[in-house]
Novice: 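One structure, pasted below without further comment.
If you're wondering where the values come from, they're calculated on a predicted model, not measured in any experiment. Letters A, B, ... are given to chains in the order of the sequence lines, protein chains preceding strands, and every chain is numbered from 1.
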Amino acid sequence: MSKVLTKADNKPRGFLVTNAGVLSLVQDAGRFGVFNLGLTNGGPADSLAFYWANSLCGNALNATVIEISLGGLQLIAQVDCIIAVTGAPMPLTVNGRAKALWQSFLVKAGDSVCFGFAPVGVRCYLAVAGGFVIKASFGSTATVCRESVGGLNGEKLAVNEVLPCHIVSREGYQRKQLMLPEHRQPHYAKEVLLHTVLSYQQQHFSAIEKRLFFTNEYQVSKHWDRMGYRLQGRAIKADINGILSEGICYGAVQIPADGQPIVLLNDRQTIGGYPKIGAVISSDCAKLSQLRQGDSVHFEAISMSQADNLFHLSLSRLKQTQLIHL
Amino acid sequence: MKINDTIHLDVAGENALILYFSPREQSSLVVSAEINRTVQQAEQLIRQHLSAVIVDLIPSYASILVVFDLLKIDHHHLRNQLQELLKQCNQANSKPGRLIELPSYYSLESGMDLVRIAKHAKLSVEQVIALHQGQEYRVYAIGFAPGFAYLGEVDERIAMPRLTSPRLKVPKGAVAIADRQTAVYPAQSPGGWNIIGLCPVDMFNPQAKPVMPLAVGDRVKFIAIDRQQYLNLGGKLS
């Protein structure tokens, strides 16, 4: 049904980058199993939007997409293909005409695909049917700039790069135009509740410190990126200064000496020595990654069993959702 | 949850548990080769027996972070399986790690903090170098950056706290000390460790096999080389 289109000179074709935007990255589901080399996960900051972008294109759930942070990416299609964009509401145009997010549609060779800037939320996902064809490093195409690993050359997209992809036959794209029902599309707000499992060094935070942590509001500081979100608000204190460096999981909430929490995300360092009070569940980490400076969060303590329930509930909700054939 | 007298198991996150290998009451900052050997042994056991449900493992000084696949196992079952499995952990079975020799060009040219360390330790620069290469180190953990191996322990006399303000650029190959740890920077990066020399060996090379010369549990000895040897081995001076 699809094949990689190659020109006579064997140069792979797909999308030509004419404006790279603020931060546009090649991402698949992430890099796993190589923590022992010091390599972190990478992968989509908002895994839910990533999931829908691939689903709308009929892709395998680990297919390679482009994660666009803030906006500004401009591309020219070199082939006919099906694409879908999900995530923060960035104004999307094809040849100057507005296009809806959360649905797949055909673009033709020569079409110009442009992303504006999101008024709320941070990240969008551009998927193409069949996925972008990028060589994996350490089992994944996920770009981690700090490690110079993944993507086309370990870095964010740059002007004049080409993102190779598959072309889809005419029958293929008739079948593949899908839409996520409106009531299933996430809304991006400036406030998020972070369900947090108490864990790691939680016994080194007194009942009062925990109470303060879970009742106060925190704002996203100016230090927010794919590595982690530094928050600002009521300082809390552990009764220890540091620990022997140990493995840091996705969503871990680190409390450094200044008492301001840092939630560690996809590009976090693999080990570290600050005390941690708990870990935010993955579905809420995805929501957090759509916040920017000045947006606010609350933490709510939940048990490991509740976290398990929430994970499986949201998974079954995903599986039950029927995409609409257009 | 207690597995035996020294190992206990805690929650880390939604899909992660953490095993601690030192008694809770013990000061949490004590580095012990014996404990680290148990860590290494436990890591091997987990890789052998639970790889079907494990996504990733991060062994460190005295802990292992166990990240599991929520679609394949839940934390209750994993706890039980880890508990059963780690009863097999037995000091007597642990094998000594490989011995790896790393060449190091120690000099005032390549080690910009040698003089400061010597002053701090009230020793000569030559003595600092002799103490650093006199010791056999253990790879306690790998992390912070790809290929960054935490080696310990440095002779107490030349232990040196991190710089108060990290440098923006530490050169690739920098041999450095922080407290009683030492390491070779795998790539140019910011860093606050005290630099005493340069090592021409690639600590992380995605094209090489294996990509890293070191693994947790290996033993490392630094061998002093001169400027010419350093350059001959492919080392660079800026």
Side-chain angles (χ1 to χ4, degrees), chain A residues 30-41 137-138 144 146-149 154 195-204 240-253 264 269-273 275-276 278-285 302-305 307-308 310-312 315, chain B residues 10-20 22 24 27-32 35-36 43 47 51 54-67 69-71 74-76 79 140-150 181 186-187 189 203-204 206-207 210-212 214-216:
Chain A
R31 190 168 282 108
F32 298 95
V34 279
F35 277 158
N36 58 327
L37 302 176
L39 289 163
T40 194
N41 293 142
S137 41
F138 299 101
V144 179
R146 187 168 48 83
E147 297 177 344
S148 307
V149 168
H195 295 94
T196 305
V197 178
L198 281 169
S199 63
Y200 281 119
Q201 287 75 39
Q202 57 120 338
Q203 75 273 16
H204 289 289
I240 44 169
N241 290 323
I243 52 165
L244 269 182
S245 286
E246 65 183 25
I248 303 174
C249 71
Y250 181 53
V253 185
L264 293 156
Q269 62 179 78
T270 54
I271 66 178
K276 297 171 284 301
V280 176
I281 62 172
S282 57
S283 54
D284 289 345
C285 287
I302 58 169
S303 69
M304 194 70 161
S305 301
D308 214 37
L310 288 172
F311 176 84
H312 288 286
L315 195 68
Chain B
D10 269 341
V11 168
E14 171 188 271
N15 66 338
L17 297 172
I18 186 159
L19 287 157
Y20 289 111
S22 48
R24 249 179 220 268
S27 156
S28 60
L29 288 166
V30 174
V31 171
S32 150
I35 290 173
N36 195 242
E43 182 200 353
R47 282 195 198 281
S51 58
I54 299 294
V55 178
D56 230 325
L57 291 175
I58 309 183
S60 187
Y61 288 90
S63 64
I64 301 178
L65 182 76
V66 182
V67 183
D69 186 339
L70 274 171
L71 300 178
D74 64 60
H75 65 108
H76 296 294
R79 274 165 198 260
Y140 276 96
I142 289 166
F144 168 70
F148 192 98
Y150 291 83
Q181 303 168 100
S189 73
M203 300 304 287
F204 183 79
Q207 270 73 51
V211 294
M212 269 192 76
L214 301 181
V216 170

Novice: Is A/F311 close to chain B through its backbone or its side chain, or both, or neither, when contacts mean heavy atoms under 4.5 Å?
Specialist: side chain
Novice: Under a 4.5 Å cutoff for heavy-atom pairs, which residue among A/A307, A/G272, A/S282 has the most contacts with chain B?
Specialist: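 Most heavy-atom pairs within the cutoff with chain B belong to A/S282.
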Novice: Which heavy-atom pair separates A/I281 from A/L310 by the least distance, and what is that distance?
Specialist: CD1-CD1, 3.8 Å
Novice: Ring centroid separation for B/Y140 and B/Y61, is it under 6.0 angstrom?
Specialist: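 Yes.
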Novice: For chain B, which of A/A279, A/G247, A/S305 has the most heavy-atom pairs under 4.5 Å?
Specialist: A/G247
Novice: Does any backbone or side-chain atom of B/L70 lie under 4.5 Å from a heavy atom of chain A? Answer side chain, backbone, both or neither.
Specialist: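 Both parts, heavy atoms under 4.5 Å.
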Novice: Checking side-chain hydrogen bond (donor to acceptor under 3.5 Å, both in side chains) for the pair A/E246/B/Y20: CA distance, chi angles, key distance, verdict?
Specialist: CA-CA 10 Å; A/E246 65 183 25; B/Y20 289 111; 3.0 Å; yes
Novice: Which bit of B/V211 comes within less than 4.5 Å of chain A, counting heavy atoms only: side chain, backbone, both or neither?
Specialist: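 B/V211 touches chain A through side-chain heavy atoms alone.
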Novice: With a 4.5 angstrom heavy-atom cut-off, is it the side chain or the backbone of A/S245 that approaches chain B, or both, or neither?
Specialist: both
Novice: Measuring heavy-atom distances to chain A, does B/I64 have an atom under 4.5 Å in its side chain, in its backbone, in both, or in neither?
Specialist: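 Contact with chain A is absent: no heavy atom of B/I64 under 4.5 Å.
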Novice: Is A/I302 in contact with chain B via its backbone, its side chain, both, or neither, using a 4.5 Å heavy-atom distance?
Specialist: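 Neither part, no heavy atoms under 4.5 Å.
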Novice: Can you tell which part of A/H312 gets under 4.5 Å to a heavy atom of chain B, answering side chain, backbone, both or neither?
Specialist: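 Contact with chain B is through the side chain of A/H312 alone.
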Novice: Shortest non-hydrogen contact from A/T270 to B/I58?
Specialist: O-CD1, 3.4 Å
Novice: Could you tell me which portion of A/N36 (side chain, backbone, both or neither) has an atom closer than 4.5 angstrom to a non-hydrogen atom of chain B?
Specialist: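 Both backbone and side chain.
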Novice: Using non-hydrogen atoms only, which part of A/F138 is less than 4.5 Å away from chain B: side chain, backbone, both, or neither?
Specialist: side chain
Novice: At a heavy-atom separation under 4.5 Å, does B/A16 approach chain A through its side chain, its backbone, both, or neither?
Specialist: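 Both backbone and side chain.
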